[in-house]
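Input: a single structure, listed below in structure tokens.
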Amino acid sequence: MTRPAAESDLFLSLTPERVLDAVEAAGVAVRPLCYPLNSFENRVYEVELADRSRVVAKFYRPQRWTAAQILEEHRFLAELDAEEIPVCPARPFPDGSTLATTEGGIFYTLFDRKGGRAPAELDARGASRLGMLVGRLHVVGARRRDADRLHLTSDAYVRSDLDWLEGREIVPRRLAGRYFSAARAIADAYDRMSAGVAVLRLHGDLHLGNVLDRDGELRLLDFDDCMIGPAVQDLWLALGGRDAGTAELREIFLDAYEQFRSFDRAELRLV
């Protein structure tokens, strides 16, 4: 997908000064303190407000999501927060909206800053707590399946990208035949194995970097990739190993998950 040059240039050249200007333009008074946080797809900054509290300002990569899709992310977060599930909901601007746009057309949102550290790995207690948390998340996610978010399908996440790569001859010719053949075989296998599997709204990118641990309490971050797909998508990134230790932790996770919602273990084949 080609992006308008002006939008892309503005996004890549976002500076702390421009971030502060954008937040103030939305009616939020700030202090001159702003620094970048780790983010692969978007631009994310910690900003200090006039009252010396801190917020996180997230600037969405242009052309990645529509306004409607971003607002679905915010709606899902609000639903989870209303159920007292520890997430970081979008913070309303003074006009009551949760999504603003820079003069150059870049969408951005504010979130309350929450403390904690990403767990380096899960132990039995962490796997149990995360399983309960994801089970509660999926109870809410299953209530509405018509959300304006991408479905986890091979067409959306494999074939469209392969077509883009193939059309531009980006993959070296000596590798292209094997590469595209293997990738399409994986997509075909997923189609066969996922046929008839129930879907729901998911976090979508639930690796441990998107989990905050503070004094044993877990919080889920970054719903930028929230999607509609099988429940197992929110398990395998945190517990994707094939060793005996991971298998044991996976069972602990699922036992805790099933305190809130049943899980079809046949979905594990999709990993």
Side-chain angles (χ1 to χ4, degrees), residues 1-3 39-42 60-73 75-76 130 134-135 137-211 220 222-242 246-247 250 253-254 257 261-271:
M1 177 182 293
T2 58
R3 297 190 177 99
S39 179
F40 180 71
E41 287 286 354
N42 305 299
Y60 290 86
R61 182 176 293 275
Q63 302 299 310
R64 186 158 188 255
W65 304 119
T66 66
Q69 288 171 324
I70 295 172
L71 290 172
E72 281 284 4
E73 172 198 345
R75 180 177 176 180
F76 192 16
L130 185 60
V134 175
L137 183 156
H138 286 182
V139 168
V140 177
R143 290 176 185 167
R144 186 168 58 85
R145 295 177 173 85
D146 61 345
D148 188 1
R149 298 294 299 190
L150 287 182
H151 286 244
L152 182 55
T153 65
S154 58
D155 284 345
Y157 283 92
V158 180
R159 291 192 177 87
S160 62
D161 295 321
L162 292 177
D163 291 344
W164 190 92
L165 290 170
E166 197 167 30
R168 288 159 179 79
E169 298 184 349
I170 289 174
V171 180
R173 289 183 181 179
R174 64 186 178 84
L175 302 176
R178 285 183 294 154
Y179 176 84
F180 289 113
S181 176
R184 292 192 169 103
I186 292 169
D188 291 342
Y190 179 79
D191 288 342
R192 292 192 302 272
M193 297 168 70
S194 63
V197 173
V199 298
L200 67 154
R201 287 179 296 167
L202 307 166
H203 179 286
D205 191 28
L206 220 171
H207 56 79
L208 294 183
N210 282 333
V211 179
L220 302 182
D222 193 8
F223 280 67
D224 188 62
D225 286 295
C226 65
M227 62 177 68
I228 297 173
V232 72
Q233 173 67 14
D234 280 347
L235 179 158
W236 77 273
L237 289 171
L239 291 167
R242 299 178 184 272
T246 303
R250 189 181 299 125
F253 175 105
L254 291 174
Y257 180 102
R261 184 175 186 272
S262 63
F263 182 90
D264 182 0
R265 280 167 167 74
E267 287 190 25
L268 292 172
R269 70 185 187 276
L270 294 175
V271 178

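We use all heavy atoms of the structure for the numbers below, so side chains are in, but hydrogens, waters and symmetry mates are not.
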L162 vs Y179, side chain to side chain contact (heavy atoms under 4.5 Å, CB included): CA-CA, chis, key distance, verdict:
CA-CA 10 Å; L162 292 177; Y179 176 84; 3.8 Å; yes
How many angstroms lie between atom [atom1] of [X] and atom [atom2] of [Y], to the nearest 0.5 angstrom?
{"X": "Q233", "Y": "S194", "atom1": "CD", "atom2": "OG", "result": "12.0 Å"}
{"X": "L206", "Y": "C226", "atom1": "CG", "atom2": "SG", "result": "12.0 Å"}
{"X": "F253", "Y": "L130", "atom1": "CZ", "atom2": "CG", "result": "5.0 Å"}
{"X": "L208", "Y": "L237", "atom1": "CG", "atom2": "CG", "result": "9.0 Å"}
{"X": "D205", "Y": "M227", "atom1": "CG", "atom2": "CE", "result": "7.5 Å"}
{"X": "L268", "Y": "L254", "atom1": "CG", "atom2": "CG", "result": "6.0 Å"}

So, Y60 versus E73: side-chain donor-acceptor pair below 3.5 Å or not?
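Judged by distance alone, the side chains do pair up.
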Minimum-distance pair of heavy atoms, taken over all atoms of [X] and [Y]:
{"X": "P230", "Y": "V197", "result": "CB-CG1, 3.7 Å"}
{"X": "D191", "Y": "S154", "result": "OD1-OG, 2.6 Å"}
{"X": "R178", "Y": "R174", "result": "NH2-O, 4.1 Å"}

Quick check, are the ring centers of H138 and F263 under 6.0 angstrom apart?
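No.
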Determine, for D234 against R201, whether the closest basic-nitrogen to carboxylate-oxygen distance falls under 4.0 angstrom.
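Looking at D234 and R201, the cut-off is not met.
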Would you call R159 and D188 a salt bridge, taking side-chain N to carboxylate O under 4.0 Å as the test?
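Answer for the salt bridge query: yes.
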Within-4.5 Å side-chain heavy-atom neighbours: [X] and [Y]:
{"X": "Y257", "Y": "L235", "answer": "no"}
{"X": "W65", "Y": "L71", "answer": "no"}
{"X": "V158", "Y": "Y190", "answer": "no"}

Between [X] and [Y], is there a donor-acceptor pair closer than 3.5 Å when you use the side chain of the first and the backbone of the second?
{"X": "T246", "Y": "R242", "value": "no"}
{"X": "H151", "Y": "T153", "value": "no"}
{"X": "E267", "Y": "D264", "value": "no"}

Pair L270, W236 - check side chain to side chain contact (heavy atoms under 4.5 Å, CB included), show working.
CA-CA 9 Å; L270 294 175; W236 77 273; over 6 Å; no
When you look at E72 and R149, which way does the salt bridge (Lys or Arg N to Asp or Glu O under 4.0 Å) test go after all the steps?
CA-CA 7 Å; E72 281 284 4; R149 298 294 299 190; over 6 Å; no
Please walk me through it: do D163 and R184 pass salt bridge (Lys or Arg N to Asp or Glu O under 4.0 Å)?
CA-CA 11 Å; D163 291 344; R184 292 192 169 103; 3.4 Å; yes
By the definition side-chain contact (heavy atoms from CB on, under 4.5 Å), identify the one residue from R144, R143, R261 that meets it with L200.
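That would be R261.
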Taking side-chain contact (heavy atoms from CB on, under 4.5 Å) as the criterion, tell me which of D225, D224, L220 meets it with D222.
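Of all the options given, the one that passes is D224.
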Is it the case that atom CZ in R269 sees more than 12 heavy atoms from other parts of the structure closer than 6.0 Å?
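Above 12, so yes.
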